[in-house]
**Q** 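Handing you this structure, nothing more for now.
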Protein chains: 2
Amino acid sequence: MAHAKVEHDVVIDKLMEVFRSSGYDGSSMATLAEATQLKKASLYHRFPRGKEEMAHAVLSYVADWTQNRIVDVLFSTNTPKERLEVAFKAIDELYDGGRLDCILRALSHGSEANVFQQEIAAIFQLWIDAFTHLALDFGHNQTESDRLAKLVITKIQGTLILARALQQPSLFQEALDELKTSFIS
Amino acid sequence: MAHAKVEHDVVIDKLMEVFRSSGYDGSSMATLAEATQLKKASLYHRFPRGKEEMAHAVLSYVADWTQNRIVDVLFSTNTPKERLEVAFKAIDELYDGGRLDCILRALSHGSEANVFQQEIAAIFQLWIDAFTHLALDFGHNQTESDRLAKLVITKIQGTLILARALQQPSLFQEALDELKTSFIS
DNA sequence: GTCTATAGCTAGATAGAC
DNA sequence: GTCTATCTAGCTATAGAC
């Protein structure tokens, strides 16, 4: 089946893989086509407005992922401890234990003025709201819960940068453990 | 003086400005030429190996800046408290109070495999060594000093990302204050 | 929905005058 | 050391067959 239809989810996943490792401008239609095993014209058939639409589609996927794997989990009826564990397991997978870069950062640099800025901000806000809710359920007060939620994001992002720069993924693992402890204690 | 020689430091500064806001692949010879007020051919005269050499020159400048404004300061003979204040003042300037992105991150994505990875890692290591030294002088033990030094980098990088994504530079300012407190207490 | 082929443009890079 | 002019390759995007 040389011309079999490639599943939409698989295409999005491959596009994300390229964007997150090469950035927006560093990802050409040629490399995106190669990664998805589609020809350039086929990509344009699926994403008529080209590369920008592909990046938006990836961000839309990331928003869905966040809703399903973070927000829904942290607002579920399990115990706070259980919710915390499940969410952090997902985060660990998302970044492959500190080896993969964050797609939101990869798409925040670009020659054209930040067309993705609002979408990215909205996704970060999903994370903040969800972790604030969890912290409240752990018994922290509002101020401390806000602080913890932002700490989740800044610690993950900051350690990802250092872990990848120094090629020490373990730094990321340690940070996740420390974060979990911050909620419990 | 239409053809006056543009100072090397000014050229580096303008190149950095473009790279840090547009990333490596997002910065074209045309935009780099426009920013430096030089024609493309003049840039090639100064940087024969083109864009890659320009980025290396910028990273070399950043390494020098780190040596002068961070390492030398933190290894000076002033009191730990004074050294801390001077270094953090420099950091605040470097990122314009949380409004500017980090050049090291801007150069860590690219279509070509990470040609800047080692240079970037070396600069982060300068920061780590300098802040470890400071923490030891504050009376912290070796383990805690290592932790604090890495915390400086991860907290700065992480909060920069969130501050810029949410367009709330104050998050960065707060983080700098918290970091200073971490050393003193 | 996929493909081949190609248009039209912009990228990085160079030659050579001043 | 700066410039204008230009080359070639790679880019985004489209046309049209199957």
Side-chain angles (χ1 to χ4, degrees), chain A residues 1-59 61 106-107 109-116, chain B residues 1-59 61 106-107 109-116:
Chain A
M1 308 219 293
H3 294 186
K5 175 173 175 176
V6 181
E7 290 295 335
H8 180 72
D9 287 2
V10 175
V11 170
I12 295 292
D13 191 63
K14 294 296 179 184
L15 293 177
M16 182 164 76
E17 204 174 299
V18 176
F19 280 134
R20 93 193 306 187
S21 68
S22 300
Y24 183 73
D25 291 297
S27 304
S28 70
M29 290 300 300
T31 58
L32 292 166
E34 191 184 17
T36 54
Q37 292 178 298
L38 287 171
K39 299 298 173 183
K40 286 190 285 181
S42 301
L43 275 178
Y44 275 104
H45 176 77
R46 293 178 182 226
F47 307 97
R49 289 182 299 113
K51 203 162 77 163
E52 188 172 318
E53 188 171 349
M54 293 179 216
H56 279 299
V58 167
L59 285 173
Y61 169 82
L107 290 177
H109 284 285
S111 49
E112 308 158 44
N114 250 321
V115 281
F116 309 118
Chain B
M1 306 217 293
H3 293 188
K5 176 172 176 176
V6 181
E7 290 296 335
H8 181 72
D9 287 1
V10 175
V11 170
I12 295 291
D13 191 63
K14 294 295 180 186
L15 294 178
M16 182 163 77
E17 203 173 300
V18 176
F19 280 133
R20 95 195 302 189
S21 68
S22 300
Y24 183 73
D25 291 297
S27 304
S28 69
M29 290 301 300
T31 57
L32 292 166
E34 192 183 16
T36 55
Q37 291 180 296
L38 287 171
K39 298 298 173 182
K40 285 193 284 180
S42 300
L43 275 178
Y44 275 102
H45 176 78
R46 293 178 182 227
F47 307 97
R49 288 181 300 113
K51 202 163 77 165
E52 189 174 316
E53 187 172 349
M54 294 180 214
H56 279 299
V58 167
L59 285 173
Y61 168 83
L107 290 177
H109 284 287
S111 49
E112 308 157 46
N114 248 322
V115 282
F116 309 118

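Being a predicted model, the structure only gives us computed values, none of them experimental.
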**Q** Quick one: which residue pairs count as a side chain to side chain donor-acceptor pair (under 3.5 Å) with a foot in residues 16-34 of chain B, not counting sequence neighbours?
**A**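 Pairs touching residues 16-34 of chain B that pass the test: B:Asp25-B:Ser111, B:Ser28-B:Thr31.
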**Q** Roughly, in whole Å, what's the span from CD in B:Glu34 to C1' in D:dC3?
**A**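 From B:Glu34 CD to D:dC3 C1': 17 Å.
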**Q** Find the distance A:Phe47:CZ to C:dG1:P and express it as a whole number of Å.
**A**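 From A:Phe47 CZ to C:dG1 P: 12 Å.
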**Q** If a protein heavy atom is under 4.0 Å from the base, mark B; if only from the sugar-phosphate, S; if neither, -; do that for nucleotides 4-18 of chain C going 5' to 3'.
**A** B------SBBBB---
**Q** Look at atom NZ of A:Lys14 and say whether more than 12 heavy atoms of other residues, nucleotides or ligands are closer to it than 6.0 Å.
**A**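 No, NZ of A:Lys14 has 12 or fewer neighbouring heavy atoms, counting only those of other groups under 6.0 Å.
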**Q** Keeping to residues at least two apart or across chains, list the side chain to side chain donor-acceptor pair (under 3.5 Å) pairs with something in residues 38-47 of chain B.
**A**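 The answer is none; no pair qualifies.
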**Q** Measure CZ/A:Arg46 against P/D:dT14 and give the value in whole Å, please.
**A**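 For the pair A:Arg46 CZ and D:dT14 P, the rounded distance is 18 Å.
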**Q** Measure from CD on B:Glu112 to C1' on D:dA9 and round the result to the nearest Å.
**A**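 That distance rounds to 14 Å.
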**Q** B:Val115: what forms a side-chain contact (heavy atoms from CB on, under 4.5 Å) with it, not counting sequence neighbours?
**A**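 Only B:Glu52 meet the side-chain contact (heavy atoms from CB on, under 4.5 Å) criterion with B:Val115.
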**Q** Taking only residues two or more places apart in sequence, or in another chain, which ones meet B:His56 in a side-chain hydrogen bond (donor to acceptor under 3.5 Å, both in side chains)?
**A**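 For B:His56 the side-chain hydrogen bond (donor to acceptor under 3.5 Å, both in side chains) partners, ignoring immediate neighbours, are B:Glu119.
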**Q** So, does A:His45 get its side chain near the phosphate of C:dT2, meaning an N or O under 4.0 Å from OP1 or OP2?
**A**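 So the side chain of A:His45 is outside the cut-off, no N or O lying under 4.0 Å from OP1 or OP2 of C:dT2.
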**Q** More than 12 foreign heavy atoms under 6.0 Å from CD of B:Glu53: is that the case here?
**A**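 Counting neighbours around CD of B:Glu53, more than 12 heavy atoms of other residues, nucleotides or ligands fall under 6.0 Å, so yes.
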